[in-house]
Amino acid sequence: MPELPEVETVMRGFRTAFEGQRIRHVTVNRPDLRWPFPLDLRERLEGQEVLSFHRRAKYILMRVGNGMSMMLHLGMSGRLLLGQSGMNTTPPRHEHLVLETENEARAGLVDPRRFGMVDLVPTDHEDTHRLLSGLGIEPLSDKMTGPYLHSLMQSRRTPIKTALLDQRLIVGLGNIYVCEALFRSHIHPTRAATSITLQEANRLATFIRAILTEAIASGGSSLRDYVQADGTKGGFQDLHLVYGREGEPCSYCATGYTVSRITQSGRSTFYCANCQK
DNA sequence: ACGCTATCCTGATCGC
DNA sequence: TGCGATCAGGATAGCG
């Protein structure tokens with residue numbers, strides 16, 4: 001589910017609710033998601049002050065006072081429900097982990113498909129965690145330039161769409177935002193990554209940055225079950241120009257072409273066969 | 001060495 | 001209304 005804008009939105013809500021507070025209670029409702037929860041998750045977090053929140057790729061990092069960081073990945077269907085403790089409401093289905101603070105802030109991790117993950121890592125060594133150490137560049141950082149993107153694409157013998165989904169090269173993009181970025185850049189998704197010119201890489205860099213920035217500003221894309229931490233829906237799905245719009249007229253080339261859908265490495269790709277070359 | 005695929009799960013939706 | 005098939009925003013292990 002969540003790509004960079006959704007994870008960033010969730011992380012900001014989590015930060016607003018939890019930063020500076022002390023964790024009073026941790027409830028672990030099952031032993032694992034994609035991987036087992038750390039056996040000492042509860043004892044490592046309870047009683048700790050929440051120092052700060054960060055995002056790396058699609059991971060949320062919560063740093064606490066004992067030098068540990070909780071890593072959280074939402075997978076495909078993960079949501080973080082923020083609220084107050086003691087409301088006596090029925091817990092939602094698939095709420096696998098609950099954090100509560102001394103000030104009654106409550107965060108529940110709901111993940112029906114259980115593709116998400118939670119782990120602990122020493123804050124000083126976050127970057128060496130096996131899931132973080134191989135990650136590519138942050139698309140909203142200064143490293144994300146056309147020339148650098150161009151050089152990254154030269155090393156992959158896959159379609160450009162597949163390469164942009166590869167978190168070892170550039171992080172944060174998922175199926176939606178890759179489709180949208182290629183559409184706005186007028187690049188055909190099946191093109192070999194190595195065929196991307198510098199000029200096209202410049203366009204891609206510009207649009208990737210723009211799309212992610214716009215999506216964060218509108219609170220992410222709400223499809224199916226994604227909502228922001230405060231329960232409101234994001235609004236970026238209304239700005240999708242191709243994703244999920246198979247058969248609809250292309251919004252750019254006004255020639256009667258409609259949005260096509262193909263499958264690439266098992267995932268749907270949406271594009272305009274006329275204006276993406 | 002690299003790239004493709006099958007796979008982990010549940011739930012929503014679609015066609016019959 | 002019911003039922004089976006299909007699809008879903010991710011990322012890995014394992015295979016060729």
Would you tell me if any nitrogen or oxygen in the side chain of Arg156(A) comes within less than 4.0 Å of OP1 or OP2 on dC2(B)?
-> no
With a non-hydrogen cut-off below 4.0 angstrom, is Gly174(A) in contact with a base, only sugar-phosphate, or nothing?
-> sugar-phosphate
Nearest heavy atoms of Gln264(A) and Thr269(A), plus distance in Å = OE1-OG1, 2.7 Å
Atom CG of Asp166(A) to atom C1' of dC2(B): distance rounded to whole Å?
-> 11 Å
Calculate the interatomic distance between Arg267(A) atom CZ and dC4(B) atom C1'; express it in whole Å.
-> 14 Å
How are the rings of Phe183(A) and Tyr252(A) set relative to one another: parallel (under 30°), tilted (30 to 60°) or perpendicular (over 60°)?
-> perpendicular
Ignoring backbone atoms, test whether Tyr243(A) places a side-chain nitrogen or oxygen under 4.0 Å from the OP1 or OP2 oxygen of dG9(C).
-> yes
Any donor-acceptor N or O pair under 3.5 Å, side chains Arg63(A), His54(A) | yes
Of the listed nucleotides dG9(C), dG11(B), dT12(C), the one nearest the side chain of Leu131(A) = dT12(C)
Are OP1 or OP2 of dC9(B) and a side-chain N or O of His94(A) less than 4.0 angstrom apart?
-> no
Whole-Å gap separating P (dT6(C)) and CE (Met76(A)) = 17 Å
In whole angstrom, what separates Met117(A)'s CE from dT12(C)'s P?
-> 10 Å
Counting just side-chain N and O atoms, does Ser77(A) come under 4.0 Å of either OP1 or OP2 of dG11(B)?
-> no
Presence of Arg93(A) side-chain N/O under 4.0 Å of dT10(B) phosphate oxygens OP1/OP2 = no
Between atom CZ in Arg168(A) and atom P in dC4(B), what is the gap in whole Å?
-> 11 Å
